[in-house]
Number of protein chains: 2
Amino acid sequence: MPRPRMFDEAEVIDRARRTFAETGFAGTSLDDLLEATGLARQSLYNAFGGKKELFMRAFLSDTASAVDAVKTVLQSAEDPIVRIRTQLVSSAVEHGSAQAPPSLFLRAAVELSSLTPEVAATVATAFDSIRADYTACIVDAQNAGEIDSSADGEALGTYFCAVIEGMSTLGRAGVPRATLLQIGFTSLATVPITPLGREHLGTEDGDWT
Amino acid sequence: MPRPRMFDEAEVIDRARRTFAETGFAGTSLDDLLEATGLARQSLYNAFGGKKELFMRAFLSDTASAVDAVKTVLQSAEDPIVRIRTQLVSSAVEHGSAQAPPSLFLRAAVELSSLTPEVAATVATAFDSIRADYTACIVDAQNAGEIDSSADGEALGTYFCAVIEGMSTLGRAGVPRATLLQIGFTSLATVPITPLGREHLGTEDGDWT
DNA sequence: ATGGTTTTGGATCAAGCAGTCAATAACGTT
DNA sequence: AACGTTATTGACTGCTTGATCCAAAACCAT
């Protein structure tokens with residue numbers, strides 16, 4: 001019996017995500033959000049509660065999909081070592097583009113993790129999840145004989161977390177995609193890949209323009 | 001004949017740097033700055049011009065000293081390969097501490113590099129300088145026979161830029177110092193160190209509590 | 001002392017801020 | 001067709017913002 005909404009909630013959150021990612025939480029005014037989403041003032045308050053709540057919705061959604069994107073690649077059906085390279089390439093491509101929307105996850109981590117406990121906890125959990133996915137994939141590769149069994153999977157997992165976040169930060173600062181790709185490929189040299197693994201990887205680095 | 005200032009300009013800038021680093025540009029009000037610096041309103045405007053100008057002073061100063069800190073370590077009198085490890089450790093220690101003041105450089109890079117051209121240019125120049133210092137140090141190490149001459153010094157330089165920025169981001173998100181140190185040591189495995197270089201490095205990783 | 005210059009601190013301003021309220025409009029159910 | 005429920009709308013509120021103005025105080029060279 002109620003009057004139906006004239007907007008798509010998911011789309012509003014996505015627009016808000018973009019806006020917050022571009023100008024930050026403190027730097028985004030309610031009017032900015034209204035313009036970006038097309039909502040009327042009271043609609044936003046009815047549907048979401050306020051600026052902080054809408055931000056958290058957008059932030060949690062962005063974090064979840066970022067974590068999910070990593071998991072999907074690292075748990076695909078490819079060879080484990082190929083999955084790792086694919087993930088690094090995918091991070092480089094995602095963060096190394098001027099027109100691509102910047103990451104709200106990074107922004108929130110830098111802007112709010114020291115001020116908002118909930119953001120800090122979410123960021124920590126996300127890092128942990130990514131780290132665990134990487135570690136599991138490395139263990140897979142070790143079991144497949146593609147990575148030397150003496151390698152420390154945990155250490156490499158946290159390490160790749162840092163590399164990914166470094167690429168994200170550099171990408172936001174304007175570093176071009178090709179450079180991020182180089183960083184990704186270079187970081188792969190940390191992994192003691194066996195001859196078998198190297199065979200699976202192939203020699204081609206691919207073309208990413 | 002003019003009345004002398006009752007404040008130390010450098011100290012004011014340093015206090016402002018800390019405040020901006022903690023709450024960002026948009027998140028810091030003029031009253032916050034007055035409280036942090038102890039200045040009176042008009043004094044701040046007389047001495048610096050306004051919020052934006054004071055921010056730029058603090059940002060440029062922070063960037064310069066961050067770049068300088070890297071350069072100092074990488075151009076010290078130690079063995080080249082030791083310098084690199086020392087720099088990674090120093091970055092981990094600097095960014096991996098809850099009480100240490102967060103980096104305004106990272107904050108500005110993430111918050112403003114897409115909005116303020118001058119910030120973006122400064123950030124880009126800083127990255128370039130760090131990258132160049134790393135590359136030069138790697139070349140030194142190659143000439144000293146500590147790193148395989150086939151290594152791509154440029155690629156490793158940009159790579160270490162990303163690692164450092166990744167550590168900075170993770171540190172701000174609450175990742176502890178020990179983890180950052182592990183990341184730093186792990187990242188060193190990317191470098192093809194010769195037996196001679198390994199000898200110079202020693203076996204000890206040191207104790208950093 | 002004294003004059004000229006600067007700092008200082010309080011008062012003030014207009015603009016922008018997040019959030020609220022009451023009235024209207026649109027829908028599904030009955 | 002009428003009702004109850006919810007979305008929409010736009011005006012409104014009190015507060016904070018960055019910035020400016022002005023008069024009084026502080027200093028140093030003379």
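We name chains A, B, ... by the order of the sequence lines, and we start the count at 1 in each one.
OP1 or OP2 of dT8(D) lies within a sub-4.0 Å distance of a side-chain N or O belonging to S43(A). Within the 4.0 Å cut-off from OP1 or OP2 of dC17(C), at least one side-chain nitrogen or oxygen of S29(A) is found. In terms of phosphate contacts, K52(B) brings a side-chain nitrogen or oxygen within less than 4.0 Å of OP1 or OP2 of dA19(D).
As rounded to whole Å, 14 Å separates atom C1' of dT20(C) from atom CG of L34(A). Regarding D8(A), its CG atom lies at a distance of 15 Å from the P atom of dA7(D), rounded to whole Å. F25(A) places its CZ atom 13 Å from the P atom of dC17(C), with the value rounded to the nearest Å. dC12(D) atom P lies 18 Å from atom OH of Y45(A), rounded to whole Å. Separating the CG atom of D31(A) from the C1' atom of dA11(D) is a distance of 14 Å, rounded to the nearest angstrom. The interatomic distance linking N46(B) (CG) with dA25(D) (P) rounds to 18 Å, in whole Å. Between the CD atom of E9(A) and the P atom of dT8(D) there is a distance of 11 Å, given to the nearest Å. The distance between atom CG of L44(A) and atom P of dC17(C), rounded to the nearest whole Å, is 15 Å.
We find that D79(B) and R83(B) are not joined by a salt bridge, their nearest charged nitrogen and carboxylate oxygen being 4.0 Å or further apart.
Looking at which nucleotide of DNA chain C each of D32(A) and G38(B) is closest to, the 5′-most match is held by G38(B). Take the nearest nucleotide of DNA chain D for Q42(B) and for K51(B): the residue whose nucleotide is more 5' is K51(B).
A heavy atom lying under 4.0 Å from DNA chain D marks none of the residues of residues 54-61 of chain A.
Results of the side-chain contact (heavy atoms from CB on, under 4.5 Å) test with L106(A) over D62(A), I164(A), V123(A), T169(A) single out T169(A) as the only residue that passes.
Listed nucleotides: dG18(D), dT8(C), dG19(C). Nearest to the side chain of L30(B): dG18(D).
Using a 30° and 60° split on the angle between ring planes, F105(B) and F127(B) fall in the perpendicular class, above 60°.
Contact of R41(A) with dG10(D) (side chain to base): no donor-acceptor pair of N or O atoms is detected under 3.5 Å.
Applying the ring-ring contact (aromatic ring centres under 6.0 Å, His included) rule to pairs touching residues 50-85 of chain A yields F20(A)-F55(A), F25(A)-F55(A), sequence neighbours excluded.
By the 6.0 Å contact criterion, CD on E9(B) is enclosed, its count of non-hydrogen atoms from other residues, nucleotides or ligands being greater than 12.
A side-chain donor-acceptor contact under 3.5 Å links D32(A) and S29(A). Using a 3.5 Å distance cut-off with no hydrogens or angles, the side chains of Y159(B) and S187(A) do not pair a donor with an acceptor.
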